[in-house]
Amino acid sequence: MKKLKLFAPFLMLLAGAIASIMMFYFQYPMTQMLPRLLVVLLVFYLIGCMIQKMLISFVEQVREEEAKEGEVIEKEAPDGNTEGIDEDNSDLKDTRENA
């Protein structure tokens with residue numbers, strides 16, 4: 001989960017670095033570069049936050065399903081009597097021995 005919390009800032013910084021390099025390459029003046037960079041950083045931070053929330057909820061759903069699969073559910077006879085269950089198993093043992 002710690003790695004997922006860093007997704008939004010990483011995406012924002014990556015987009016900011018790419019935008020800065022592109023604006024420097026195309027020789028934007030500083031008065032145009034800084035406001036555009038601020039907008040790019042904000043937009044990609046918001047996009048990263050949305051993606052981060054979706055990823056965290058997805059991971060939590062997967063963990064819940066794994067926890068449910070890991071649980072063993074034991075069924076008991078409705079009246080608490082287990083004699084009938086033993087008799088059914090003895091019939092199966094007899095048929096296996098005869099085969």
Side-chain angles (χ1 to χ4, degrees):
M1 290 300 254
K2 290 181 182 180
K3 293 179 183 180
L4 290 178
K5 290 184 179 181
L6 297 175
F7 183 79
F10 177 75
L11 183 65
M12 176 189 72
L13 291 175
L14 180 66
I18 292 171
S20 297
I21 292 169
M22 295 300 292
M23 287 187 277
F24 182 76
Y25 179 76
F26 289 114
Q27 298 176 352
Y28 277 73
M30 192 64 66
T31 56
Q32 289 181 356
M33 184 185 293
L34 291 177
R36 290 182 184 186
L37 181 61
L38 179 64
V39 169
V40 167
L41 290 174
L42 289 174
V43 167
F44 276 94
Y45 182 74
L46 293 175
I47 291 171
C49 284
M50 290 188 306
I51 294 172
Q52 178 179 340
K53 286 181 183 178
M54 291 189 313
L55 286 174
I56 289 174
S57 67
F58 177 73
V59 169
E60 287 176 357
Q61 288 176 355
V62 169
R63 287 185 180 168
E64 288 175 2
E65 289 180 10
E66 287 177 353
K68 287 179 184 177
E69 289 177 3
E71 294 177 0
V72 176
I73 301 173
E74 296 181 13
K75 294 185 179 180
E76 294 183 11
D79 58 350
N81 188 1
T82 57
E83 292 177 18
I85 295 172
D86 294 333
E87 292 173 4
D88 291 337
N89 290 338
S90 64
D91 291 338
L92 291 174
K93 290 178 186 176
D94 292 336
T95 55
R96 289 181 187 163
E97 292 174 2
N98 293 336

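Any value given below was found using the heavy atoms of this structure, including those in side chains, with hydrogens, waters and symmetry copies removed.
Here CZ of F44 is found 5.5 Å from CD1 of I47. Values are rounded to the nearest 0.5 Å. To the nearest 0.5 angstrom, L6 atom CG is 12.5 Å from L11 atom CG. The distance from the CE atom of M22 to the CZ atom of F26 is 4.0 Å, given to the nearest 0.5 Å. The CD atom of E64 sits 7.0 Å away from the CD atom of Q61 when rounded to the nearest 0.5 Å. Rounded to the nearest 0.5 angstrom, M12 CE and L46 CG are separated by 10.5 Å. Separating the CD1 atom in I51 from the CZ atom in F7 is a distance of 4.5 Å, to the nearest 0.5 Å.
A19 and L37 make their closest contact through CB-CD1, 4.3 Å (heavy atoms, listed as atom of the first residue, atom of the second, distance). Scanning both residues, G48 and A8, for their nearest heavy atoms gives C-CB, 3.6 Å. In terms of heavy atoms, M23 sits closest to R36 at SD-CB, 4.0 Å.
I18 is connected to Y25 through a chain of hydrophobic side-chain contacts under 4.5 Å among Ile, Leu, Val, Met, Phe, Trp and Tyr, so both are in one cluster. Linking Ile, Leu, Val, Met, Phe, Trp and Tyr residues whenever their side-chain heavy atoms come within less than 4.5 Å leaves L38 and L14 in two separate clusters. Residues V43 and Y28 fall into different hydrophobic clusters, defined by Ile, Leu, Val, Met, Phe, Trp and Tyr side chains chained together at heavy-atom separations under 4.5 Å.
Around atom CD of Q27, no more than 12 heavy atoms belonging to other residues, nucleotides or ligands sit under 6.0 Å away.
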Requested in this report: Start with the C-alpha gap between L41 and Y45, add the side-chain angles, then the distance that decides, and say whether side-chain contact (heavy atoms from CB on, under 4.5 Å) holds.
Outcome: CA-CA 6 Å; L41 290 174; Y45 182 74; over 6 Å; no

